[in-house]
2 protein chains.
Amino acid sequence: MPISTQPTDCALPTEPRDYYHEDCPVLYALGKVDQKWKLPILWQIAGHHGLRYNELKRQVRGVTNTMLTKSLRELESDGLVSRHATSTVPPEVAYRLTLKGKQLLVTLQDLHQWGVTQLKQERRQQHAN
Amino acid sequence: MPISTQPTDCALPTEPRDYYHEDCPVLYALGKVDQKWKLPILWQIAGHHGLRYNELKRQVRGVTNTMLTKSLRELESDGLVSRHATSTVPPEVAYRLTLKGKQLLVTLQDLHQWGVTQLKQERRQQHAN
DNA sequence: CAGAATCCTAGGAGATACTG
DNA sequence: CAGTATCTCCTAGGATTCTG
């Protein structure tokens with residue numbers, strides 16, 4: 001099954017067709033960040049221009065060791081963050097965003113704006129009651 | 001907890017802060033479409049300018065009655081699709097995108113482009129082996 | 001400090017059968 | 001035609017404990 005390359009595929013199809021998760025660029029991209037803690041982790045790393053493990057754990061409120069480690073490993077193997085470790089005792093490990101990671105975050109701006117607008121409308125309606 | 005309104009919140013934070021799912025516009029927006037079948041459903045409806053239930057079931061390959069109905073109900077209550085039924089026998093039900101739904105799909109264009117680029121690079125690397 | 005190893009559970013999703 | 005109603009299963013995620 002070939003990967004579709006037309007810009008309007010999936011995002012806003014202009015004609016009917018089949019969508020397979022493996023081949024859809026949108027589902028592929030969402031698959032990189034649709035786990036519970038990945039975006040909060042990415043945002044924290046981005047906001048600090050690099051963070052250490054325990055610092056990250058403190059900032060991403062509520063995340064457990066298990067999930068933080070798992071998420072970081074996946075983000076790393078997906079090339080969204082890079083891991084920089086010193087082989088000292090105790091170890092120092094810093095996580096930074098890669099260019100690829102930064103670019104991914106930027107693509108969420110429009111979605112973010114949509115969310116802001118909808119949340120405003122929801123609050124307005126609740127206030128009207 | 002106030003809802004943050006700065007355009008760069010979450011999408012690309014400029015300073016450290018806490019992120020709560022309930023208050024983050026990006027997580028709010030993603031929450032509307034991060035179920036398995038919702039985007040494929042939205043894309044099919046968008047591509048056909050409205051679709052009937054069984055037609056939708058045929059087009060969204062692999063979806064079950066249970067999940068299709070559940071997804072449609074949620075999309076409807078989230079205001080992303082509208083349901084138009086005739087009270088005839090047998091019934092005719094058409095689903096259409098709302099403006100809100102269309103606008104949401106448009107916000108995925110950048111993410112889509114990112115996905116296209118990454119998929120190309122992945123294929124290039126696999127081909128090199 | 002920065003994790004790894006286990007164990008466990010809730011709920012998203014699938015399969016199947018039925019209906020106004 | 002356009003759905004409901006059950007049942008089951010799997011796995012993302014959580015809790016807890018341990019370590020180079």
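Each chain gets a letter, A, B and so on, in the order its sequence line appears, and its residues count up from 1. On a predicted model such as this, the values are computed, not experimentally measured, just so you know.
- Closest to the side chain of A/M67, out of D/dG14, D/dA2, D/dG20, is D/dG14.
- Looking only at distances, a side-chain donor or acceptor of B/T98 sits under 3.5 Å from a matching main-chain atom of B/L80.
- The distance from atom CD of A/Q59 to atom P of C/dA2 is 13 Å, rounded to the nearest whole Å.
- Put simply, the side chain of B/H48 gets close to the backbone of B/Q44: a donor and an acceptor are under 3.5 Å apart.
- Of the candidates C/dA4, D/dG3, C/dA2, the closest approach to any side-chain atom of A/T69 belongs to C/dA4.
- Side-chain N/O atoms of B/Y95 include one lying less than 4.0 angstrom from OP1 or OP2 on D/dG3.
- Checked against C/dA15, D/dG3, D/dA2, the side chain of B/T64 finds its nearest nucleotide in C/dA15.
- The one candidate from B/D78, B/L42, B/L39, B/L75 that meets the side-chain contact (heavy atoms from CB on, under 4.5 Å) condition with B/K32 is B/D78.
- Candidate nucleotides D/dG13, C/dA2, D/dT4 were compared by shortest atom distance to the side chain of A/R52, and C/dA2 ranks first.
- Between the CG atom of B/L68 and the P atom of D/dA5 there is a distance of 16 Å, rounded to whole Å.
- Of the candidates D/dG3, C/dG14, C/dA4, C/dA4 carries the atom nearest the A/R73 side chain, counting heavy atoms from C-beta on.
- With hydrogens and angles ignored, a donor-acceptor pair closer than 3.5 Å exists between the side chain of B/T66 and the base of C/dA15.
- Taking a cutoff of 4.0 Å between a charged side-chain nitrogen and a carboxylate oxygen, B/R58 and B/E55 qualify as a salt bridge.
- Comparing C/dC1, C/dG3, D/dG14 against the side chain of A/P91 picks out C/dC1 as the nearest.
- With distances taken from any side-chain atom of B/N65 to the nucleotides C/dG14, D/dG3, D/dG14, the minimum falls on D/dG3.
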